[in-house]
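Down below is the structure, laid out as structure tokens.
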Amino acid sequence: MFIAKANSASGMAVSDECKLKFLELKAKRNFRFIVFKIEEKIQQVKVERLGQPGASYDDLTASLPDDDCRYAVFDFDFITDEKCQKSKIFFISWSPDTSRVRNKMLYASSKDRFKRELDGIQVELQATDPSEMSIDIIKGRAL
């Protein structure tokens, strides 16, 4: 059964699949990343791509379009200075300069409400260019 909740700020709904797949990433670690897309015709945020547990950060960045906006979550594993294995879940708002203004506005107005649906986000990152979300930036924000 499909149920979606309306996003009061932008009119976007969030599909149950978005929340369920995020829970699988967070609790079961079934995925390394998830890419989400707003389907404008049906006014809903949907899962576009799932990165399997063995996927890398490069796989995530390669799956983001050069000329359109997306949301993504990434489960980043790292080792602290104290040699402890840790993991942080990043929320990435991808809005490249080359995307349509309308899409940038749509993603910007829907972001906070969508992010609230994903309980467990630890770090937020906004990027308009690949250099703004390099692995070095991810590592720096995780520590």
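Computation of the quantities below employed the complete heavy-atom set of this structure, encompassing side-chain atoms and omitting hydrogens, waters and symmetry-equivalent molecules.
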- NZ (Lys21) and CG (Leu118) are apart, to the nearest 0.5 Å, by 14.0 Å
- Query: Does any N or O in the side chain of Lys26 come within less than 3.5 Å of the main-chain N or O of Asp119, such that one atom is a donor and the other an acceptor?
  - Reply: yes
- Query: Same cluster or not: are Ile137 and Ile135 linked, directly or through other Ile, Leu, Val, Met, Phe, Trp or Tyr residues, by side-chain heavy atoms under 4.5 angstrom apart?
  - Reply: yes
- Message: For Asp58 and Ser56, which I'm curious about, is there any donor-acceptor pair between the side chains at under 3.5 Å?
- Response: no
- Separation of Phe78 CZ from Ser87 OG (nearest 0.5 Å): 7.5 Å
- Query: Are the side chains of Phe76 and Leu60 in touch, meaning some heavy atoms are under 4.5 Å apart?
  - Reply: no
- Item | Exercise: identify the closest heavy-atom pair between Asp68 and Pro65 | O-CG, 3.5 Å
- Message: Would you say that Thr128 contacts Pro96 through its side chain, given a criterion of any heavy-atom pair below 4.5 Å between the two side chains?
- Response: no
- Should Glu40 and Arg102 be marked as a side chain to side chain contact (heavy atoms under 4.5 Å, CB included) after you check the CA-CA gap, both sets of side-chain angles, and the distance that decides it? CA-CA 11 Å; Glu40 202 171 348; Arg102 176 175 169 74; 2.5 Å; yes
- Query: Taking the inter-plane angle between the rings of Phe114 and Phe91 on a 0 to 90° scale, is it parallel (under 30°), tilted (30 to 60°) or perpendicular (over 60°)?
  - Reply: tilted
- Task: Indicate the atoms forming the closest heavy-atom contact of Met133 with Ile138, along with that distance.
- Result: O-CG1, 4.2 Å
- Using modelled atom types only, decide if a donor and an acceptor are shared between the side chain of Gln122 and the backbone of Ile89 within a distance under 3.5 Å. yes
- Query: Are Val47 and Leu23 connected in a single hydrophobic cluster, I mean Ile/Leu/Val/Met/Phe/Trp/Tyr linked by side-chain heavy atoms less than 4.5 Å apart?
  - Reply: no
- Check: Leu143 and Lys139 side chains under 4.5 Å, non-hydrogen atoms: no
- Query: Which pair of heavy atoms, one from Thr98 and one from Asp67, lies closest together, and at what distance?
  - Reply: OG1-CA, 3.4 Å
- Item | Shared hydrophobic cluster for Phe74 and Phe22 (ILVMFWY, side-chain gaps under 4.5 Å) | no
- dist Cys18:SG -> Phe36:CZ (nearest 0.5 Å) comes out at 5.0 Å
- Message: Side-chain heavy atoms nearer than 4.5 Å, only ILVMFWY residues, links allowed to pass through others: does that put Leu125 and Tyr71 together?
- Response: no
- Could you tell me whether Glu39 and Lys46 make a salt bridge, using a distance below 4.0 angstrom between a side-chain N and a carboxylate O? no
- Note on the structure: So CD of Gln44 and OG of Ser110: to nearest 0.5 Å the spacing works out to 12.0 Å
- Using atom types as modelled and distance alone, determine if a side-chain donor or acceptor of Ser109 lies under 3.5 Å from a backbone N or O of Met105. yes
- Query: Between Phe31 and Phe33, does the ring centre distance come in under 6.0 Å?
  - Reply: no
- Message: Could you tell me if the side chain of Arg113 sits less than 4.5 Å from the side chain of Met12, heavy atoms only?
- Response: no
- Item | Rounded distance [0.5 Å steps], CD in Glu24 versus CD1 in Ile34 | 8.0 Å
- Query: Below 4.0 angstrom, N of the basic side chain to O of the carboxylate: do Glu124 and Lys111 qualify?
  - Reply: yes
- Query: Is it true that Asp75 and Arg29 have a side-chain N and a carboxylate O under 4.0 angstrom from each other?
  - Reply: yes
- Query: Between Ser134 and Tyr57, what is the shortest heavy-atom contact and its length?
  - Reply: C-CE2, 4.1 Å
- Query: From Leu25 CG over to Leu20 CG, what is the distance, rounded to the nearest 0.5 angstrom?
  - Reply: 13.0 Å
- Item | Presence of salt bridge, Arg32 and Asp77, under 4.0 angstrom | yes
- Message: Quick check: closest heavy atoms across Lys88 and Ala142, and the distance to 0.1 Å?
- Response: NZ-O, 3.0 Å
- Item | Tyr107 (side chain) donor-acceptor with Ile38 (main chain) under 3.5 angstrom | yes
